[in-house]
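Note sheet for the following structure.
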Amino acid sequence: MTNDQAFSVVVVGGGAGGLELACKLGRKWGAARVALLDANLFHVWKPSLHEVAAGTLDIHQEGLSYQMLAHDNGFTFVYGAMTGLDTAAHEVVVAAIEDAGQEVLPERRVRYARLVLAIGSVSNDFGVPGVAQHAFSLDGPHDAERFRLRMLRLLSLADVSKAHDASAGLDIVIIGGGATGVELAAELREASAVHSRYGLRQIQAGRDVRIRILEGAPRLLAPLAEDVSDAAARLLRQRDVEVVTDCKVVGVTASGVTDAAGNTYPADLCVWAAGIKAPPLLAQIGLPTARAGTVPVDGQLRVPGVPDVFALGDCANCPQPDGRSVPPRAQSAHQQADYLYRLFRLPEGSSLDAQPPYLYKDHGSLVSIGTGTTVGSLMGNLFKSTGFFVEGLFARMMYVSLHLMHHAAVMGTMRTAVLALARFLVKRATPLVKLH
Ligand SMILES: Cc1cc2nc3c(=O)[nH]c(=O)nc-3n(C[C@H](O)[C@H](O)[C@H](O)COP(=O)(O)OP(=O)(O)OC[C@H]3O[C@@H](n4cnc5c(N)ncnc54)[C@H](O)[C@@H]3O)c2cc1C
């Protein structure tokens, strides 16, 4: 089924970058010209997924319905996963939607004048045996929710077992000491303290919920400055999180993780957070691919050799003047969405080649250590590659402001940003976890 009308812009992927672009364009041009396609029905900002996994953020409260966003921002929402691309016809193929074995929406084709690929990334297990079968990853809200429900079940079992087995508890192993692994460990520790205060009274969080990070590099947060990494390690130690560095994982089983030195770490729950790659779809549909399966783009975020197709965010490989690629971060996706918004609004007939290329502005890197604090560096561009070190409540407020900026971009007003700030302050004052 093909919609005869060609949208001026079709954005595939309503995440950190794609959703912002669709909302901004929709507010300018309306639903007849702008379409957003996503495989899910609702949006959760990906940097919040460690909170969903820990239960400190409820996806049913936080998730924003794409249909509602489409209505409020004036774009057309197309529900379904992109499965193909017909570059000659300028059409995106969207998979049929099934429910309980019944097809509820047929395969469709959506015609575009310009297409923006913003389909993010998925975790990369580098072929390590057992990861696909036994480890969780935080690729999307459903993965985070699945982890949370499994953790609750195991915590409840451990709580009951405690009456006859003093050693009962939960071993959680997080593979990868980058931002995702560090943020998840700290959030899980905070959540476990609330769990034991609430219903699970036999469990003592620090003693019975054993959280361990295994990192292959000599230190946590290896791409960031050493003072940030040291601060993160100190704050995790204070929270009874064990950090093992120089640890190359070679296998995961249902009960543990093995490293190259032959050590085995018991694991009731294991999370793989040691790398990402672009979704395999990009290569499958015949697009050129670069490092980790990403699609190469030029300075104007165009895919070379594929007319009218652009890419942004984690799925794009955008080189910068220093030879490095734009890092896969929410702030990159946000900046690139802004860049394309301005590019697409140039008067008809403007030459894109004449436009200044997209340049990544590094405003710093902040890593959340639970609801109370954050560590990181600010203004990387101004202070060369490292930025200046920040820690504590100020850093926490800066971290939260990134999320608020996303809310403001998708709602077009500061109203929801203020509501989100209020929620953050309440959460900080009375930490809650979702127990069902
Ligand atoms: C736990 C965690 C914490 C993080 N913390 C930070 C942080 O503090 N700061 C920071 O800058 N970055 C952080 N990141 C990284 C950040 O989330 C990503 O860099 C950012 O979300 C990338 O944005 P994006 O728009 O490229 O893709 P995403 O936000 O991942 O969105 C991709 C969208 O595409 C959709 N999609 C995928 N495939 C298809 C398909 N075939 N058809 C249709 N739709 C599809 C998905 O449903 C999704 O909505 C974190 C990531 C994680 C997992």
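Counting starts at 1 for both ligands and their atoms, in listed order. Only a predicted model underlies this, so the values are computations on that prediction, with no experimental measurement involved.
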Using the benzene-type ring in the case of Trp, are the ring centres of [X] and [Y] under 6.0 Å apart?
X   : Y    : value
F42 : H142 : yes
H43 : H406 : yes
Y66 : F77  : yes

For [X], counting its heavy atoms only, list the atoms of ligand 1 lying under 4.0 Å from any of them.
X    : answer
A333 : 23 (O), 25 (O)
A118 : 32 (C), 33 (C), 34 (O)
L138 : 53 (C)
L281 : 41 (N)
D314 : 18 (C), 19 (O), 22 (C), 26 (O)
G14  : 33 (C), 49 (O)
Q331 : 11 (O)
Y66  : 49 (O)

Do any N or O atoms from the side chain of [X] and from the backbone of [Y] form a donor-acceptor pair under 3.5 angstrom?
X    : Y    : answer
S325 : N317 : no
R212 : R210 : no
E215 : V243 : no

Using heavy-atom distances, let me know which of [options] sits nearest [atom].
atom                    : options               : value
atom 8 (O) of ligand 1  : Y79, Y399, W45        : Y399
atom 35 (C) of ligand 1 : I119, D139, D38       : D38
atom 52 (C) of ligand 1 : T180, V92, L117, I285 : T180
atom 40 (C) of ligand 1 : E51, H43, E187, M82   : M82

To the nearest 0.1 Å, how far is [atom] from its closest protein heavy atom, and which atom is that?
atom                    : value
atom 31 (O) of ligand 1 : G15 CA, 3.1 Å
atom 10 (C) of ligand 1 : A330 N, 3.4 Å
atom 29 (O) of ligand 1 : A16 N, 2.9 Å
atom 30 (O) of ligand 1 : K46 CD, 3.4 Å
atom 25 (O) of ligand 1 : G17 N, 2.8 Å

For this session: Flag L402 as yes when one of its N or O atoms lies below 3.5 Å from any N or O atom of ligand 1, and as no otherwise.
Result: no
For this session: May I ask you to check whether S121 has an N/O atom sitting below 3.5 Å from an N/O atom of ligand 1?
Result: no
Is it the side chain, the backbone, both or neither of [X] that has a heavy atom closer than 4.0 Å to ligand 1?
X    : result
P328 : backbone
E183 : side chain
P47  : both

Exercise. Side chains of P218 and T245: does their closest heavy-atom pair fall under 4.5 Å?
Worked result: no
If the contact criterion is a heavy-atom separation under 4.0 Å, does [X] count as touching ligand 1?
X    : value
A81  : yes
A39  : yes
P279 : no

Exercise. Applying the side chain to side chain contact (heavy atoms under 4.5 Å, CB included) test to C23, which of D72, V410, V34 qualifies?
Worked result: V410
Exercise. Does R150 CZ have over 12 foreign heavy atoms under 6.0 Å away?
Worked result: no
Exercise. Would T83 and V92 satisfy side chain to side chain contact (heavy atoms under 4.5 Å, CB included), going step by step from the backbone distance to the final call?
Worked result: CA-CA 8 Å; T83 49; V92 173; over 6 Å; no
Exercise. Out of E51, R148, E187, which one pairs with T56 under the side-chain hydrogen bond (donor to acceptor under 3.5 Å, both in side chains) rule?
Worked result: E187
Exercise. Any salt bridge between D308 and R114, counting N to O under 4.0 Å?
Worked result: no
Atom [atom1] in [X], atom [atom2] in [Y]: separation rounded to 0.5 Å?
X    : Y    : atom1 : atom2 : result
L214 : D246 : CG    : CG    : 12.0 Å
L366 : S377 : CG    : OG    : 7.0 Å
C318 : R324 : SG    : CZ    : 13.5 Å

